[in-house]
Amino acid sequence: MEQIGSVMYVKAGYYAEYKKRHDELWPEMENLLKSKGVNNYSIFLNEENGELFAVLSYQNKEIYDQIAESETCKKWWDYMSDIMLVNADNSPKTKELKRVFHLK
């Protein structure tokens, strides 16, 4: 099992909407994530600046990378693009973080 930590950004004034959309996560998006080996996925919000810290576990990087190519994921990105900082393809602007400590 591997882990990824990353940072994304939600626009000011949309924190509650971001949470609401994730509380109502589409079943097809949840199924996609789980089918690609994702589990233990959490997102934390820094309300001072809109920074989101995401951490998740996955089983296989090649399979995990297939998520971004799926129609379901691309539709999710489109759905979230009005409240997040995004790239030209509506994927969230993301900075993958380097692990510097892990307590087992």
Side-chain angles (χ1 to χ4, degrees):
M1 192 68 57
E2 298 292 325
Q3 285 186 315
I4 293 176
S6 61
V7 176
M8 300 173 287
Y9 296 91
V10 63
K11 295 176 182 176
Y14 290 97
Y15 302 166
E17 180 63 20
Y18 182 89
K19 182 176 182 336
K20 178 182 177 288
R21 292 184 190 187
H22 281 79
D23 287 346
E24 300 170 354
L25 183 67
W26 303 340
E28 59 269 30
M29 188 63 192
E30 181 177 349
N31 292 337
L32 172 64
L33 292 167
K34 289 180 177 180
S35 74
K36 299 301 182 185
V38 174
N39 61 59
N40 203 22
Y41 188 178
S42 297
I43 302 172
F44 301 87
L45 169 65
N46 179 343
E47 292 181 334
E48 292 179 10
N49 63 8
E51 185 175 64
L52 299 164
F53 168 68
V55 62
L56 62 87
S57 298
Y58 64 92
Q59 296 175 4
N60 179 295
K61 180 76 164 125
E62 290 176 0
I63 294 172
Y64 170 78
D65 287 343
Q66 294 171 5
I67 295 169
E69 300 304 318
S70 73
E71 287 305 311
T72 299
C73 185
K74 291 176 184 180
K75 287 178 185 176
W76 181 258
W77 289 346
D78 292 344
Y79 175 58
M80 298 300 290
S81 66
D82 63 325
I83 65 171
M84 295 184 70
L85 299 184
V86 296
N87 297 304
D89 65 355
N90 282 341
S91 64
K93 290 195 176 191
T94 304
K95 174 72 175 168
E96 194 166 316
L97 303 174
K98 178 180 178 180
R99 182 195 316 242
V100 294
F101 175 77
H102 179 74
L103 178 66
K104 291 186 180 186

Could you check if a side-chain atom of Ile4 sits within less than 4.5 angstrom of a side-chain atom of Glu96, using non-hydrogen atoms only?
yes
Would you please classify the geometry between the Trp26 ring and the Tyr79 ring as parallel, tilted or perpendicular, with 30° and 60° separating the classes?
tilted
Is atom OH of Tyr14 surrounded by more than 12 heavy atoms (other residues, nucleotides or ligands) closer than 6.0 Å?
no
Residue pairs passing the salt bridge (Lys or Arg N to Asp or Glu O under 4.0 Å) test with at least one member in residues 71-94, sequence neighbours excluded, are Arg21-Asp82
Please round to the nearest 0.5 Å and tell me the distance separating atom CD1 of Ile67 and atom CG of Leu33.
5.0 Å
Is Leu52 close to Met84 at the side-chain level, that is, under 4.5 Å between some pair of heavy atoms?
yes
Return each pair, listed once, that meets side chain to side chain donor-acceptor pair (under 3.5 Å) where at least one residue sits in residues 54-65; pairs must be two or more places apart or across chains.
Lys61-Asp65
Minimum heavy-atom separation for Tyr15 and Ala12, please, with both atom names.
CE2-CA, 4.0 Å
Shortest non-hydrogen separation from Gly5 to Phe53 and the atoms involved
CA-CE1, 4.3 Å
Under 4.5 Å between side-chain heavy atoms, counting indirect links through other Ile/Leu/Val/Met/Phe/Trp/Tyr residues: same cluster for Tyr41 and Val10 or not?
yes
If hydrophobic clusters are built by linking Ile, Leu, Val, Met, Phe, Trp and Tyr wherever their side-chain heavy atoms come under 4.5 Å apart, do Met8 and Val55 end up in the same one?
no
If every non-hydrogen atom of Ile43 is compared with every non-hydrogen atom of Ala54, which pair is closest and at what distance?
CG1-CB, 4.0 Å
According to side-chain contact (heavy atoms from CB on, under 4.5 Å), who are the partners of Ser81, at least two apart in sequence or on a separate chain?
Val86, Asn90
With sequence neighbours left out, the residues meeting side-chain contact (heavy atoms from CB on, under 4.5 Å) with Tyr9 are Val7, Glu51, Leu85
Which atom names give the shortest non-hydrogen contact between Cys73 and Ala68, and what distance separates them?
SG-CA, 4.0 Å
Under 3.5 Å donor-acceptor, Ser91 side chain and Asn87 backbone
no
Applying side-chain hydrogen bond (donor to acceptor under 3.5 Å, both in side chains) to Lys20 and not counting sequence neighbours gives Glu24
Is there a chain of hydrophobic side chains (I, L, V, M, F, W, Y, each step under 4.5 Å between heavy atoms) that links Ile63 to Trp76?
no
Can you sort out the partners of Asp23 under side-chain hydrogen bond (donor to acceptor under 3.5 Å, both in side chains), two or more places apart, ordered by chain and number?
Lys19
Closest contact, heavy atoms only, Thr94 versus Ser6
CG2-CB, 3.5 Å
With side chains defined as the heavy atoms from C-beta onward, is the minimum distance between Met1 and Asn39 less than 4.5 Å?
yes
Within a strict 4.5 Å, meaning less than it, do heavy atoms of the Glu17 and Lys11 side chains meet?
no
